[in-house]
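Single-structure report; data block below.
Just so you know, these numbers come straight off a predicted model, no measurement behind them.
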Amino acid sequence: MHTTHDLEWLNALSSTVARTELLKCCGSTRWAATLTEHRPFANLDQLLGQASDVWWALDQTDWLEAFRSHPKIGEKKAAASVAAESQQWSAQEQQGVARAGEEAVEKLARLNRVYEEKFGFIFIVCATGKSTDEILALLEMRLENEPAAELRNAAAEQAKITDLRLRKLLGPA
C-alpha cells in the first residue's frame, strides 16, 4: 500500500533509505546515490531538475542498469529484482497494453525480441496513456534507428518514467 509522502519526508530520510526509495523511481544505483547526495531539495521542481541533470550525466552502463529494472512492454516481471511499488507502477503505466488482444500481445512479444537482439537492451517507452497500437507503432519506428541514437531515445523515455515516478513517490502536491 502506497503512503503519500512529501519532500520533507524525502529530505529527512537516511541516505540508505533515500537511495532505496529513489531506486523505485529509477533503477540506476549511481543515479539514486548521486541524487541522494543532492538533498535537501527546496521544492519539487528542484528535485525533478536535479534528477534529470544526474540522469543525463550518467554513462551507458548506468542507463542499461536502469532499463533492466523494467519489465518488457506486455510482461510483468523485470530482469532485475525491483521493489513491489515499482512493479505496481509498471502495471499502472502499462494499463493500455494489459487490455490488448492476443494478436497485439504476440506482436509486442515478437518485436520486443527483435528489438532486444538488435540493441542489446529492452524496449523502453513511457507507456502511460498510450494504447497498444501507439506502443507498437513506436516500437516499429524505433527499430529503424541506429544503436547510438536508440540508446539516447531509450534514455529519454527512462527520464520521462523517472519524472512520473518521482511525482508518484511524493504523492499529490
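- Closest of all the heavy-atom pairs between Ala127 and Ile135 is CB-CD1, 3.8 Å.
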Lys160/Glu157 under salt bridge (charged side-chain N to carboxylate O under 4.0 Å, His left out): CA gap, chis, key distance, verdict:
CA-CA 5 Å; Lys160 291 179 200 173; Glu157 292 296 311; 2.8 Å; yes
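- When all heavy atoms are compared, the tightest approach of Leu58 to Ser28 is CD1-OG, 3.6 Å.
- Between the OG1 atom in Thr34 and the CZ atom in Arg19 there is a gap of 10.0 Å [rounded to 0.5 Å].
- Checking side-chain atoms of Arg167 against main-chain N and O of Leu164 turns up no donor-acceptor pair under 3.5 Å.
- Residues passing the salt bridge (charged side-chain N to carboxylate O under 4.0 Å, His left out) test with Arg30, sequence neighbours excluded: Asp59, Asp62.
- When the ring-ring contact (aromatic ring centres under 6.0 Å, His included) test is applied to Tyr115, the partners found at least two apart in sequence or on another chain are Phe119, Phe121, Phe123.
- Note that CG of Asn153 and CD of Glu146 are 12.0 Å apart. Values are rounded to the nearest 0.5 Å.
- Side-chain contact check for Leu169 versus Trp9: some heavy-atom pair is nearer than 4.5 Å.
- Neither side chain, Asn11 nor Glu8, offers a donor N or O lying under 3.5 Å from an acceptor on the other.
- At distances below 3.5 Å, not a single donor-acceptor pair connects side-chain atoms of Trp31 with backbone N or O atoms of Val54.
- Between the side chain of Ser52 and the main chain of Gly49, no donor-acceptor pair closer than 3.5 Å is present.
- Panel note: side chain Asn112, backbone Leu108; a donor-acceptor pair is recorded below 3.5 Å.
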Quick one: do Gln158 and Thr162 satisfy side chain to side chain donor-acceptor pair (under 3.5 Å)? Show the steps, please.
CA-CA 6 Å; Gln158 173 66 55; Thr162 300; 2.9 Å; yes
Residues Leu35, Leu47; criterion side chain to side chain contact (heavy atoms under 4.5 Å, CB included); working and verdict:
CA-CA 8 Å; Leu35 196 58; Leu47 167 62; 4.0 Å; yes
Full working for side chain to side chain contact (heavy atoms under 4.5 Å, CB included) between Ser15 and Arg39
CA-CA 9 Å; Ser15 291; Arg39 294 177 309 152; 3.7 Å; yes
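- For the pair Thr36/Thr16, no side-chain contact is recorded, criterion being any heavy-atom separation below 4.5 Å from C-beta on.
- Between Glu103 and Lys107, the closest side-chain pair of non-hydrogen atoms is not below 4.5 Å.
- The side chain to side chain donor-acceptor pair (under 3.5 Å) search around Glu116 returns Lys72, not counting sequence neighbours.
- Using a 4.5 Å heavy-atom cutoff, the side chains of Leu7 and Leu170 are in contact.
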Hey, mind stepping through Trp55 and Asp163 against side chain to side chain contact (heavy atoms under 4.5 Å, CB included) and telling me if it holds?
CA-CA 11 Å; Trp55 175 249; Asp163 186 278; over 6 Å; no
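- In this structure, Thr128 OG1 and Arg165 CZ are separated by 8.5 Å, a value rounded to the nearest 0.5 Å.
- Pairing each heavy atom of Thr132 with each of Ala104, the nearest pair is CG2-CB, 3.7 Å.
- For Trp56 and Trp63, the ring centers are positioned less than 6.0 Å apart.
- Between His38 and Gln46, the side chains place no donor N or O within less than 3.5 Å of an acceptor N or O (distance only, hydrogens not considered).
- Between Leu44 and Leu166 the shortest side-chain heavy-atom distance does not fall below 4.5 Å.
- The minimum heavy-atom distance between Lys130 and Leu138, with the atom names listed, is CE-CD1, 3.7 Å.
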